[in-house]
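Worth saying up front: this structure is predicted, and the values here are computed from it rather than measured. Both counts, for ligands and for their atoms, begin at 1 and track the order of listing.
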Amino acid sequence: MRKPYIAGNWKMNLTPTQGAALVKELAAALQGKDVKVMVAPSFVSIPAVLQAAKGSNIIVAAQNVSDKANGAYTGEVSCEQLLDLGIRDVIIGHSERRSYYGEDDEWINKKVLFALSQGMNIVLCIGETLQERQSGKLEEVLSRQVKVALTGVSAADMKRITLAYEPVWAIGTGVTATADDADSAHAFVRGLVESLYGKEVAENLIIQYGGSVKPSNAKELLGRENIDGALVGGASLTADKFLPIVESALE
Ligand code: 13P
């Protein structure tokens, strides 16, 4: 049985003060609920959000991390720095990192391997553009992203990987993949992971869906066999939208 995993990627939104207030509200509402919930604030907000999340079961994660241990890499943040704060979870390979900051599959693989070597848990994002989908390349793109990003990752380390399928055309657009489309992409990815790591790893793998998830569509998406959680952007920025999404994972 895969436990639902609902994550909020705040992207470059919310100040430290606003983030701390939001997490306090979430923590109070989620007390005692059997669901895995994560929020990923901007780096500067992490200390305030961690402090506000203390005593709750909300995981605080980073949105990105360097593939280097430390050194002369202006503007970067290392695993060691995150771990020192108490952060053990990180999102890697988000489509915004890929498209705006030039992260390719090989670079993402380096980040994955380094973060795993430092003991971190990873939400690894994959997903096709509209053009790739329309030209029939969905499976080819997802195969390449998964295979390259996971090169050198052992079956044992797969316990620390969550995949997030986020079709690029559904991110921040208000357009959601239909539950059927999302479920079939997830089933394809699970099959791919099975071919790489075997049945047990594939069956235990959490695959989140991301792209315009909101209270009105969360239940239908999360009800599908292969959709084990959500990676939520815009609707994770207020408790009145995020909490109903978390609740729909419990139904
Ligand atoms: P939206 O929910 O705003 O579409 O963003 C999805 C996303 O990119 C989460 O990582």
Side-chain angles (χ1 to χ4, degrees), residues 4-14 18-19 22-23 26 35-43 45-46 49 58-65 87 89-103 108 111-112 115 120-130 132-133 141-142 145-146 149 161-179 181-183 185-186 189 206-222 224 227-249:
Y5 184 9
I6 310 296
N9 174 11
W10 292 354
K11 308 189 179 182
M12 198 173 71
N13 294 294
L14 304 177
Q18 290 166 337
L22 174 55
V23 154
L26 298 178
V35 57
K36 188 171 172 184
V37 175
M38 172 262 258
V39 295
S42 299
F43 289 126
S45 296
I46 285 177
V49 171
I58 297 176
I59 298 166
V60 181
Q63 298 174 14
N64 182 29
V65 73
I87 300 293
D89 295 78
V90 62
I91 298 171
I92 292 181
H94 192 278
S95 68
E96 287 148 17
R97 301 290 325 163
R98 294 175 189 257
S99 63
Y100 302 147
Y101 303 102
E103 292 190 13
I108 289 162
K111 292 187 178 209
V112 166
M120 299 197 74
N121 307 307
I122 295 166
V123 174
L124 171 64
C125 301
I126 55 171
E128 82 288 1
T129 63
L130 188 57
E132 287 164 340
R133 175 173 274 259
V141 170
L142 295 181
Q145 291 177 337
V146 169
I161 302 261
T162 296
L163 288 184
Y165 170 61
E166 298 202 307
V168 177
W169 46 273
I171 296 177
T173 57
V175 181
T176 324
T178 65
D181 281 345
D183 192 49
H186 284 219
V189 169
I206 299 291
I207 310 178
Q208 298 172 328
Y209 169 78
S212 299
V213 176
K214 44 195 173 223
S216 59
N217 59 25
K219 196 172 169 190
E220 196 192 354
L221 288 160
L222 291 166
R224 295 301 159 117
I227 304 180
D228 313 310
L231 182 55
V232 186
S236 70
L237 298 174
T238 55
D240 68 330
K241 292 206 174 67
F242 192 56
L243 286 171
I245 295 173
V246 175
E247 287 292 339
S248 40

In terms of atom number and element, which parts of ligand 1 are under 4.0 angstrom from non-hydrogen atoms of [X]?
X      : result
Ser212 : 1 (P), 2 (O), 4 (O)
Ala170 : 4 (O)
Gly211 : 4 (O), 6 (C)

### From Gly233, Ala230, Gly172 - option closest to atom 4 (O) of ligand 1 by heavy atom
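Selected option, by shortest heavy-atom distance: Gly172.
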### Message
Quick test of your reading of the structure: of Gln208, Lys241, Lys214, Glu166, whose heavy atom lies closest to atom 7 (C) of ligand 1?
### Response
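The option holding the nearest heavy atom is Glu166.
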### side-chain contact (heavy atoms from CB on, under 4.5 Å) partner of Glu166, chosen from Ile171, Ile126, Asn9
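Testing Glu166 for a side-chain contact (heavy atoms from CB on, under 4.5 Å) against Ile171, Ile126, Asn9 leaves exactly one candidate, Ile171.
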### Task
For a side-chain contact (heavy atoms from CB on, under 4.5 Å) with Phe242, tell me which candidate from Ile6, Leu237, Val213 qualifies.
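So the option named by the test is Ile6.
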#### Entry: With sequence neighbours excluded, residues passing side chain to side chain donor-acceptor pair (under 3.5 Å) with Ser99
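Result, side chain to side chain donor-acceptor pair (under 3.5 Å) vs Ser99: none returned.
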Is the backbone N or O of [Y] less than 3.5 Å from a side-chain atom of [X], with the two atoms forming a donor-acceptor pair by type?
X      : Y      : answer
Gln145 : Leu142 : no
Lys214 : Gly174 : yes
Glu103 : Arg97  : no

#### Entry: Nearest-contact summary for atom 5 (O) of ligand 1 - protein heavy atom, Å
Lys11 NZ, 3.2 Å
### Summary
shortest atom 3 (O) of ligand 1-to-protein heavy-atom contact is with Gly234 N, 2.8 Å
### Query
Who are the side chain to side chain contact (heavy atoms under 4.5 Å, CB included) partners of Pro215, not counting sequence neighbours?
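For Pro215, the residues satisfying side chain to side chain contact (heavy atoms under 4.5 Å, CB included) (neighbours in sequence not counted) are Lys241, Pro244, Ile245.
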### Task
With heavy atoms only and a cut-off of under 4.0 Å, state how Ile171 meets ligand 1: side chain, backbone, both or neither.
both
### Heavy-atom gap Ala235 to ligand 1 smaller than 4.0 Å
no
### Ser95 touching ligand 1 at heavy-atom level, < 4.0 angstrom
no
### Query
Is there side-chain contact between Asp183 and Tyr209, with at least one heavy-atom pair below 4.5 Å?
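The answer is no; the side chains never approach within 4.5 Å.
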### Task
Say whether Glu96, considering both its backbone and side-chain N or O atoms, lies within less than 3.5 Å of an N or O atom on ligand 1.
no
